[in-house]
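Because the structure is a prediction, the values reported are computed rather than measured. Computation of the quantities below employed the complete heavy-atom set of this structure, encompassing side-chain atoms and omitting hydrogens, waters and symmetry-equivalent molecules.
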Amino acid sequence: MGIIRSMRSRSHRVVQEQEECVGDSMRQSCWANMPQELLREVLLRIEASEDTWPPRKSVVACAGVCRSWRQITKDIVKTPELSSKITFPISVKQPGPRENLLRCFIKRNRSTQTYYLFLSLTNTLAEDGKFLLAARKCRRPTCTDYIISLDADDMSKGSNSYVGKLRSNFLGTKFTIYDSQPPHSGARIMKSRSTRLVNLKQVSPKVPTGNYPVAHISYELNVLGSRGPRRMHCVMDSIPATAIEAGGVAPTQTEFSLNNIDMFPSFPFFRSKSNRVENTMSGPLVDQKDGMLVLKNKSPRWHEQLQCWCLNFHGRVTIASVKNFQLVASAENGPAGPEHDKIILQFGKVGKDLFTMDYRYPISAFQAFAMCLSSFDTKIACE
């Protein structure tokens, strides 16, 4: 364990002395000469021992030492689907774990109309977690946009930290989630003024920066008034209905496209010689015959003593709110089975401006966050 601690502390120091990029070539650091067998063993032990944040930043630091360290770290670190861990920024675009809900929470700042997503580090509801994403509400004459960013201090659509957005209609009853890069190899870009290149930079034409629709959310008219729960209907454009079945697969982004890599100058782990779409995606394209995954909110039960609609959040929600919801696979996805009972996303209030957000496969943290943001928006026709 002594060598592990030593290598971990050194990785933080040498990350500032890592590779220098000169055109398409890279100058390797002296750490690249370490025997591959020993290096792999050390990195395996570090990855296994640093299970949660903030210690897990050691794994990220190791990926930034040099090219050989980066490649081995890429091979060792598994996606959230397999590890239930969020390690690198691209993890927020990858589906969550299959067997359990990944626990997160959202903090709202009413004065600035901003929202912050954190990964829960303990079971405590009120805590400081690992920052994942931020969103800023932008009101427009005919719609509302929520710009989603990897940078809590820069939530503009023109920044390199921009990862997508949520857009509503005028009534706040219909929403579309847009990804800044293709969710799968056959994705079509939505042409509009907002498809301008990030920072006006020339991006590889094979991975155009823009708006790729990945989900559509609709809220039905609430005939019961403010006493009744909202009814949500989510169509996941980029996820096949078969993804919820045993052995089903959802598209998984494996790295950010060219416009995003400038965000990580200290970690060339995120750089790639090729930015071809097929090299940044894994998983199937949604086939018309398979259909798209449809999610609906789980029906609550009426509690006679409390005189309200109730859902079992297993202690993760403490305050009653019309915003609270649980999403499960809709019967539209085929005959009801055990997979239709699994909660894929749950969102609920625990404080004045604090909300829990728990999600699982086949949706990502980015998609889950966007769906929860839709619950914050004012719905003129539903309430």
- [ ] Could you check if a side-chain atom of Ile244 sits within less than 4.5 angstrom of a side-chain atom of Ile344, using non-hydrogen atoms only?
- [x] yes
- [ ] With Leu295 as reference, evaluate Met232, His233, Gln326, Met236 under the side-chain contact (heavy atoms from CB on, under 4.5 Å) test and give the passing residue.
- [x] Met236
Task: Partners passing side chain to side chain donor-acceptor pair (under 3.5 Å) against Ser149 (at least two apart in sequence or in another chain) - done: Ser161
- [ ] Would you check if Lys130 and Thr52 make a side-chain contact, meaning some heavy-atom pair closer than 4.5 Å?
- [x] no
Task: Flag side-chain contact, heavy atom, 4.5 Å: Val235 against Asp237 - done: yes
Open item on the list: Quick check against the 3.5 Å criterion: does Asn169 have a side-chain atom that pairs as donor or acceptor with the backbone of Lys174?
Closed with: yes
- [ ] Working to the nearest 0.5 Å, report the span between CE of Met371 and OH of Tyr359.
- [x] 11.0 Å
TODO: Please identify each residue that fulfils ring pair (Phe, Tyr, Trp, His ring centres under 6.0 Å) with Phe369, with sequence neighbours left out.
DONE: none
Open item on the list: Which heavy atom of Thr114 sits nearest to which heavy atom of Met155, and what is that distance?
Closed with: CG2-CE, 3.7 Å
Task: side-chain contact (heavy atoms from CB on, under 4.5 Å) involving Arg110 - partner list, sequence neighbours excluded - done: Arg108, Lys352, Asp353
- [ ] Compare all side-chain heavy atoms of Asp358 with those of Ser120 and state whether any distance is below 4.5 angstrom.
- [x] no
Open item on the list: Looking at every heavy atom in both Tyr162 and Asn211, which two are closest together, and how far apart are they?
Closed with: OH-OD1, 3.2 Å
TODO: Search all heavy atoms of Val65 against all heavy atoms of Trp69 and return the closest pair with its distance.
DONE: CG2-CE3, 3.6 Å
TODO: Measure across Gln253 and Pro182 and return the closest heavy-atom pair with its distance rounded to 0.1 Å.
DONE: NE2-O, 3.6 Å
Open item on the list: Going by the rule ring pair (Phe, Tyr, Trp, His ring centres under 6.0 Å), which residues pair with Phe355 if we only count those two or more places apart in sequence or in a different chain?
Closed with: Phe347, Phe376
TODO: Could you list all the salt bridge (Lys or Arg N to Asp or Glu O under 4.0 Å) pairs where at least one residue sits in residues 359-373, not counting sequence neighbours?
DONE: none
TODO: Quick one: do Gln346 and Lys298 satisfy side chain to side chain contact (heavy atoms under 4.5 Å, CB included)? Show the steps, please.
DONE: CA-CA 10 Å; Gln346 68 177 18; Lys298 189 174 183 179; over 6 Å; no
- [ ] Locate the shortest heavy-atom distance separating Ala370 from Ile177; write the atom from each residue and the value.
- [x] CB-CD1, 3.6 Å
Open item on the list: For a 4.5 angstrom cut-off between non-hydrogen side-chain atoms, does Gln36 reach Ile72?
Closed with: yes
TODO: Using side chain to side chain donor-acceptor pair (under 3.5 Å) as the criterion, list what pairs up with Lys323, not counting sequence neighbours.
DONE: none
TODO: Determine, step by step, whether Arg136 and Thr112 satisfy the side chain to side chain contact (heavy atoms under 4.5 Å, CB included) criterion, reporting the C-alpha distance in whole Å, the side-chain angles of both residues, the deciding distance to 0.1 Å, and the verdict.
DONE: CA-CA 8 Å; Arg136 178 171 56 88; Thr112 59; over 6 Å; no
TODO: With sequence neighbours excluded, tell me which residues meet side chain to side chain donor-acceptor pair (under 3.5 Å) with Asp75.
DONE: Gln71
Task: Considering all heavy atoms, the nearest Val163-Phe256 contact - done: CG1-CE2, 4.2 Å
Task: Same apolar cluster (I L V M F W Y, side chains within < 4.5 Å links), Leu101/Val350 - done: no
Open item on the list: Has Asn324 got a side-chain atom pairing as donor or acceptor with Ile319's backbone, closer than 3.5 angstrom?
Closed with: yes
TODO: For Thr176, check side-chain contact (heavy atoms from CB on, under 4.5 Å) against everything at least two apart and list the hits.
DONE: Tyr178, Pro213, His216
TODO: Look up atom CG in Leu39 and atom SG in Cys66, then write down how far apart they are to the nearest 0.5 Å.
DONE: 7.5 Å
Task: Euclidean distance, Lys137 NZ relative to Tyr115 OH, rounded to 0.5 Å - done: 5.0 Å
Open item on the list: Going by side chain to side chain donor-acceptor pair (under 3.5 Å), name the residues that satisfy it together with Ser84, two or more places apart in sequence or in a different chain.
Closed with: Asn100
Open item on the list: With rounding to the nearest 0.5 angstrom, report the CZ to SG distance, Arg70 to Cys62.
Closed with: 13.5 Å
Task: Counterpart residues, side-chain contact (heavy atoms from CB on, under 4.5 Å), relative to Thr79 (two or more places apart) - done: Glu81, Leu82, Gln94
Task: Under the salt bridge (charged side-chain N to carboxylate O under 4.0 Å, His left out) test, residues paired with Arg56 that sit two or more places apart - done: Glu47
- [ ] State, with a plain yes or no, whether a side-chain heavy atom of Ser83 is found less than 4.5 Å away from one of Pro97.
- [x] no
Task: Step-by-step side chain to side chain contact (heavy atoms under 4.5 Å, CB included) determination, Tyr219 to Ser375 - done: CA-CA 9 Å; Tyr219 287 83; Ser375 187; 3.9 Å; yes
Open item on the list: Could you go through Ile46 and Val59, starting from their C-alpha distance and side-chain angles, then the distance that decides it, and tell me whether this counts as side chain to side chain contact (heavy atoms under 4.5 Å, CB included)?
Closed with: CA-CA 7 Å; Ile46 293 176; Val59 180; 4.3 Å; yes
- [ ] Ignoring hydrogens and angles, tell me if any N or O in the side chain of Thr252 forms a donor-acceptor pair with the backbone of Ala250 under 3.5 Å.
- [x] yes
Task: Side-chain donor/acceptor of Thr356 to backbone N/O of Arg316, under 3.5 Å - done: yes
Open item on the list: For Pro54, give me all partners under side-chain contact (heavy atoms from CB on, under 4.5 Å), at least two apart in sequence or on another chain.
Closed with: Leu121
TODO: Indicate yes or no: at least one non-hydrogen side-chain atom of Trp53 is less than 4.5 angstrom from one of Val60.
DONE: yes
Open item on the list: To the nearest 0.5 Å, what is the distance between CG on Leu166 and SG on Cys138?
Closed with: 11.5 Å
Task: Non-hydrogen side-chain atoms of Leu38 and Val42 separated by less than 4.5 Å - done: yes
Task: Rounded distance (nearest 0.5 Å) linking atom SG of Cys372 with atom CZ of Phe105 - done: 13.5 Å
